[in-house]
Protein chains: 2
Amino acid sequence: MEDLTERQKFILSLVVHEFTRTAAPIGSQNLVSQFHLDMSSATVRNEMAVLTERGYLRQPHTSAGRVPTEEGYRYFVGRLLRETQLPDAARRTIAHQFYQSRQDVSQWTRLAASVLAVQSRGASVVTAPRTEQLQVRHLELIATRGRQVLLILVLAGGEVQQRMVLLDEAVSQEQLSALADRLTRALQGLDEASIRAQLGQWTGLEASVVTWVLEELTQAETMAGGEVYMDGVANVLAEPEFSGSEDARRAIELLERRTLLRELLAHSALAHDAGGVQVVIGGEGIWEELRPFSMVLASYGAPGLATGTLGVLGPMRMAYGRTISTVRFLSGLLSDLVAETMVEEIPGSEEVNG
Amino acid sequence: MEDLTERQKFILSLVVHEFTRTAAPIGSQNLVSQFHLDMSSATVRNEMAVLTERGYLRQPHTSAGRVPTEEGYRYFVGRLLRETQLPDAARRTIAHQFYQSRQDVSQWTRLAASVLAVQSRGASVVTAPRTEQLQVRHLELIATRGRQVLLILVLAGGEVQQRMVLLDEAVSQEQLSALADRLTRALQGLDEASIRAQLGQWTGLEASVVTWVLEELTQAETMAGGEVYMDGVANVLAEPEFSGSEDARRAIELLERRTLLRELLAHSALAHDAGGVQVVIGGEGIWEELRPFSMVLASYGAPGLATGTLGVLGPMRMAYGRTISTVRFLSGLLSDLVAETMVEEIPGSEEVNG
DNA sequence: TTTTAGCACTCTAATTAAGAGAGTGCTAAA
DNA sequence: TTTAGCACTCTCTTAATTAGAGTGCTAAAA
C-alpha cells in the first residue's frame, strides 16, 4: 500500500491536533475555517474519506466529523510528530527544582511525578531507581533496647534496607559493631546466591545475621521496582471523555495495582519507540483496561547501576508532543542524577585506603 | 430542646442505614415494607416530619423521600451508633497479614492503606510512623567512590535518613568509621537545637558532617508526616453520587495534596470523637471541598516514641460502623507494632554493656 | 391523645415528538 | 483535480406528556 500524500498527512495532523484540543469530532468545514486552509471543504472531505478508508480516521456515526483511530494516532506519533524539545525556560525551572532536592533520592521520584503530572496534564507514575543486581555493600547493626537490634543493609547502588531483629541474647554495641564490620568485609559485593552458597560457614549469631540479610535481599528482590510514586490522578478525571465513565475508575484501579509500568515495559517491543521513549496507544490490544488511554513511558538510570521507570497515563488524545518531550527530558535528567549521585562499582571504592 | 423519642431515633437509624445502602431518598412506605415495621406509613411520615423539622433529615424536593442531613449523620454517629468490633475472622486475617510483614515498617503503612481501603470501600490514607522529637540515635558514613560518601542517620524511633555527600578530600573507610563512631557518641540523644548550639566546637571534616546531619534533621522536620500511602482511590469513583461529578475529582486533588490528614487532625477538636477515632462529617463547615464527604481518622503509635495517622475518605453516607471499627482496630494494631518494634528511650539502650 | 386510612397535590424522572444543526457523500461543472 | 450544490442522515436539544413515588392534611378509629 502506497504511503499517504503530503496533504493527507497534513490533514491527519490537523485532525489529531484539533481533536486533542476539543475532544469533539472534527468536520471538514470546521477544519477549513479554523486553519484558513486554501482548499475547499469538499477537498478536505475527499481526503478525509481516503484517511478513513485507510483506517486512520473514523466517524462516530454517519453524519459526524472525524476522530483519529488508534492507528491514526500511531501514524501521527510515529511519522508525523516532529521531535520537539521542552522550552528552555521550562527545562531550566525543572532542573532548578531537582537541583534543590539533589541530595535525597526519594525526593527525586516524588518531584519527577509532580513535574510530569503538571506538564503532561495526565496521571504520572514514577518508580524509584534501584539496582537490578542486588549486592551487599555495607551492613550495620545498631543496639536499641535489650535484644532488639536494628539491621541496616546498604546495597550496591546506595539503596538502604532496614529491619528490626531480635537476638537470642543481648549483645553490646561494641560487639555488634565488630560483628557488622566482619560481616561487611565478608559479604561485600556478594549477591543473594553467593551468600546462600556460603551460608554453611557461619555459626551462631553470625549465621542469624546472615540469614536476616538473605531474607532482606529476597524481599528487596520480590518488591521489584521499589517505591512507586503517583501524581495527577485527578487530571485524568478532568478530561471530558472520562467524566462520569467507568473508564476512569478502571484506569485508576490499574494504576493502584502498581505493576502496570513493569508489565508495560516487559512488552515494550510492541509499543512505538520515539527515541528511547515508549508510546503505548490504546493498550495496543493487550491491555483491555487501557483501551481508551495512552501511556508514554521511559526507563531512566544507568544500566548495571540503578534504573527506574517513569510514565504518564492520559487520554488517547493526549498532547503527545509535549508529553514525549517532558518524559524524555525527565528521563535524561534522572539518568544524570543517578550517574552523578549513585554508588559505582564496589571494587574501586577503596581507591584511597588509609 | 428535648431529645428525640426512641421511635424517632429508631427511624433515623433506619433511614441512615437504608440510605447508606441505596443512595436514594427513603420514603415512608418503602421503610415500612422493607423492615416490616408494625406501624403505618402515616406514623412514619409524622415522625419523619419531626426529624425533618429538627434538622436531622431533609427532602431533596417536596415530594421525595428523606435523606439524612449532616446533623443527622452526626447524631447517628454520636448517639445511635453502638460500638461494634470487627468480626473475629477479619481481625485474625488482618493480624496475620501484618505478622507476615512485621519486620518492615514501610510495609505496614502500605498494608494498612490496602486493608483500610478494602474494608471501608473508601479511599484510605496512611502516614508512616515517625517521631515528633527528632533526635540522633546513630550515624554511619560509608565510602562509595572517591570523595562521595553515603551518610546514614538513624533517628530515635528507628527512622533512617540517608544522603549522599561530597567530601573535600577522599577519606578511607576506616577513618570514616572512626569519625562516625566519634560523632555518634557526641550527638546521640541530641535534637536539632542542641546540636546547633554546640556547632562551634567542631572543625574541619567533623564540622561538615555535623552540618549535614543538621540539614538532614531540618529536612526530616519539614517533611512532617513522612511518607504518605494511599489506596482505594478508585472506590470513591465507584460511588453513584460521584460518578461523573466534579466532587470526586476535587476530593482526589485534596488527597494528592498530602497535607489533608495533618490539617484535619489539627482541627480535630471539631470532629466527633468515637473512642479515639475522629469522624469528620461533611467537612464540618471548614473544608469546603470535603462537603459531600466524610472522613474517619485516627492517630496511632506511642506518644513520645513515634506516631502516624490513618484515615478513610468516603461519601457522607459511608458505612460508619464498619469503617470506624476498622480504623480503630488498625490503629490499635499499628500502635502495638510500633511499641513492639520501635526503638525506645536512648539512655536505656546500653543496659548490657561489654 | 395517638395512630391510621384516604386522598388531593407536588415534583421528578422517563418517554415521546419535533426541529435545529452539523456533517456527509455524491454529482456535475469548473 | 478541485469545488459548488444539494439531498440525506444522524445526533442533540427542547418541549410536552405521563407515570410514579411520596408528601401533608383531614377525619375517623383506637
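Numbered from 1 within each chain, the chains take letters A, B, ... in sequence-line order.
Checking C/dT4, D/dG22, C/dT24 against the side-chain heavy atoms of B/Thr43 singles out C/dT4 as nearest. Considering only side-chain atoms of A/Arg45, the nucleotide from D/dG24, D/dA4, D/dG5 that sits closest is D/dG5. Relative to the side chain of A/Thr62, the nucleotides D/dT3, D/dT9, D/dG22 differ in distance, and D/dT9 lies closest. Of the candidates D/dA21, D/dT2, C/dA22, the closest approach to any side-chain atom of A/Ser63 belongs to C/dA22. Among C/dG23, D/dT9, D/dT23, the nucleotide with an atom closest to any side-chain atom of B/Gln59 is D/dT23.
Separating the CG atom of A/Asn46 from the P atom of C/dG23 is a distance of 17 Å, rounded to the nearest angstrom. Per the geometry, CD1 belonging to B/Ile26 stands 18 Å off P belonging to C/dT12, to the nearest Å. The distance between atom CG of B/Leu51 and atom C1' of D/dG22, rounded to the nearest whole Å, is 17 Å. The CE atom of B/Met39 sits 13 Å away from the C1' atom of C/dT4 (whole-angstrom rounding). Regarding A/Ile11, its CD1 atom lies at a distance of 11 Å from the P atom of C/dT24, rounded to whole Å. The interatomic distance linking B/Gln29 (CD) with C/dA5 (P) rounds to 10 Å, in whole Å. When rounded to the nearest whole Å, the span between CG of A/Asn30 and P of C/dA22 equals 10 Å. Distance, A/Glu53 CD to C/dC26 C1': 16 Å, rounded to whole Å.
A 3.5 Å limit on both hydrogen-bonding distances identifies D/dA27 as the Watson-Crick or G-U partner of C/dT4. Base pairing analysis places D/dT14 opposite C/dA17; the two distances defining the Watson-Crick or G-U wobble pair are each below 3.5 Å. The partner of D/dC8 is C/dG23, by the rule that a Watson-Crick or G-U pair needs both atom distances under 3.5 Å.
Put simply, the side chain of A/Leu4 reaches to within 4.5 Å of the side chain of A/Tyr56, judged on heavy atoms. With a 4.5 Å cut-off on side-chain heavy atoms, A/Tyr229 and A/Ser114 do not count as touching. At least one side-chain heavy atom of B/Tyr75 sits less than 4.5 Å from a side-chain heavy atom of B/Lys9.
With respect to B/Arg317, the salt bridge (Lys or Arg N to Asp or Glu O under 4.0 Å) criterion is satisfied by exactly one of B/Glu18, B/Glu70, B/Glu239: B/Glu239.
Note on B/Arg7: a side-chain N or O is less than 4.0 Å away from OP1 or OP2 of C/dT3. Look at B/Arg66 and you won't find any side-chain N or O under 4.0 angstrom from OP1 or OP2 of D/dA21.
No contact: A/Ser41 has no heavy atom under 4.0 Å from any strand.
Ring orientation note: the planes of B/His17 and B/Phe76 are nearly perpendicular, at an angle over 60° on the 30°/60° scale.
Nearest-nucleotide assignment on DNA chain C puts the 5′-proximal partner with B/Glu47, out of B/His61 and B/Glu47.
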